[in-house]
Amino acid sequence: MSAEKLVYFDKLVFKKPKDFSFFLTASVYNFSFWFNGKRLLVPLEDAIIVLADLGSEIEARVYVSKNRRLEGVDGLGKIVEHVLGLVENLTEFYGIVAKDPLLSPSLETLYGMHIRASQPWIASVIGVCQQNASFRQGWKMFYNFIRVFGKRVSVEGIETYVPPSPSNINENSMDMLLDAGLGYRAKTVVALAKLFAGKQHLNGFDVGSEELEGELLSIRGVGEYTSRLALALSLRDYSKPPIDRWLRRIVAEVYKIDEKSVEREYTRVWGRWSALAALYTTVALDAEPLTKALERIRAGRLRPDPSKISPLTLWKHL
DNA sequence: TGCCAGGCGGGGT
DNA sequence: ACCCCGCATGGC
């Protein structure tokens, strides 16, 4: 099946904020079909935004499907600002990082890294893929999910994917979800698809974070970890940390506290940046499995290693 | 080969 | 409030 060629719609230019690294923001947790080391492609329903670093500015070229009408460019500007985190001021966050024994060594390396936002439905799928799986297995699952269900399109000579809309996935998708390697998580993804297809406002960046969290938690297979990760990866709401066994153990070790008090202590230290700190931690330790991550902490190797397949280099390998 | 992972829900105490 | 188990799959 050949890729649909998207048509040029419009161009926007943004001033690059001081604490913003285009390369790090484009690199982190990304795939080769959305970032090639130079151009960042942001998929958005039936559109692709091509982003290029112009030094003091960022250019956004918008491409859309032929049969799709886009609302005005004003709305698009807000969306790009949200997706890239151009409006996110990390001064306070870096103030805490500078004093943190685990994250301060990687401050220079990771300075300016913002997390790209995905639509709530996609962020929820990412969360489900991370359940009870290693970093590599989880991201491979999501990669397969996009390749199996996404729509293949081309822009500026690059072939890429637009993620599926929730209405594309239902009970009949089970076999393909299993082929993508989701295992028992497949049912949860079908339930999420049903939720988002039925309540479309939940899939916008302007949905209330408490409402989204409540709806996600009502789904069988979505718990505290997955819903919090989804809030972080879609709404930039970092106030509640997604704490899994990995982070719980690491935080207990570094802060020398009991595992039971990790959430209380982590939220006390990081406040509204808790989930971002959790994500930075995975990047600093290359998302290595727990035993290796603990070894690295003991050895004081707290900076990402560019030779590893990691959150920052995933796009070179998948 | 046979474990076991960056969860979760259900059933036990 | 806890504790414990099974669950699909891939990786080692």
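Order of the sequence lines fixes the chain letters, A, B, ..., with proteins taken first and strands second; residue numbering starts at 1 for each chain.
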Side-chain donor-acceptor contacts of residues 269-276 of chain A below 3.5 Å, not counting sequence neighbours, with atom names and distances?
from     : atom 1 : to       : atom 2 : distance (Å)
A:Trp270 : NE1    : A:Tyr255 : OH     : 3.4
A:Arg272 : NE     : A:Glu92  : OE1    : 3.0
A:Arg272 : NH2    : A:Glu92  : OE1    : 3.1
A:Trp273 : NE1    : A:Glu92  : OE1    : 2.6
A:Ser274 : OG     : A:Gly271 : O      : 2.7

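- Applying the ring pair (Phe, Tyr, Trp, His ring centres under 6.0 Å) test to pairs two or more places apart or on separate chains, none has a residue in residues 218-239 of chain A.
- For A:Arg136, there are no side-chain hydrogen bond (donor to acceptor under 3.5 Å, both in side chains) partners, not counting sequence neighbours.
- Within residues 262-272 of chain A, no residue has any heavy atom closer than 4.0 Å to DNA chain B.
- Across residues 135-150 of chain A, A:Phe135, A:Gln137 each have a non-hydrogen atom less than 4.0 Å from an atom of DNA chain B (numbered order).
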Can you give me the N/O atom pairs linking the protein to nucleotides 2-7 of chain C at distances under 3.5 Å, or say none if there are none?
none

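- A:Ser134 has no side-chain polar atom (N or O) that falls below the 4.0 Å cut-off from OP1 or OP2 of B:dC4.
- Within residues 244-251 of chain A, the residues having any heavy atom under 4.0 Å from DNA chain B are, by residue number, A:Asp244, A:Arg245, A:Trp246.
- Taking atom P on both nucleotides, C:dA8 is separated from B:dG11 by 16 Å, rounded to a whole Å.
- Under the salt bridge (Lys or Arg N to Asp or Glu O under 4.0 Å) criterion, no residue pair touches residues 21-37 of chain A, with sequence neighbours excluded.
- Near-neighbour residues of DNA chain B inside residues 276-296 of chain A, defined by a heavy atom below 4.0 Å, number-ordered: A:Thr282, A:Ala287, A:Pro289, A:Leu290.
- The side-chain hydrogen bond (donor to acceptor under 3.5 Å, both in side chains) test applied to A:Asn132 returns A:Tyr184, not counting sequence neighbours.
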Check: protein-nucleotides 9-13 of chain B nitrogen or oxygen pairs below 3.5 Å:
from   : atom 1 : to       : atom 2 : distance (Å)
B:dG9  : OP1    : A:Gly221 : N      : 3.4
B:dG9  : OP1    : A:Val222 : O      : 3.2
B:dG9  : O3'    : A:Arg220 : NH1    : 3.4
B:dG10 : OP1    : A:Arg220 : NH1    : 2.9

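- Scored by the side-chain hydrogen bond (donor to acceptor under 3.5 Å, both in side chains) test, A:Tyr94 finds A:Tyr280 as partners (sequence neighbours excluded).
- Taking atom P on both nucleotides, C:dC2 is separated from B:dG6 by 24 Å, rounded to a whole Å.
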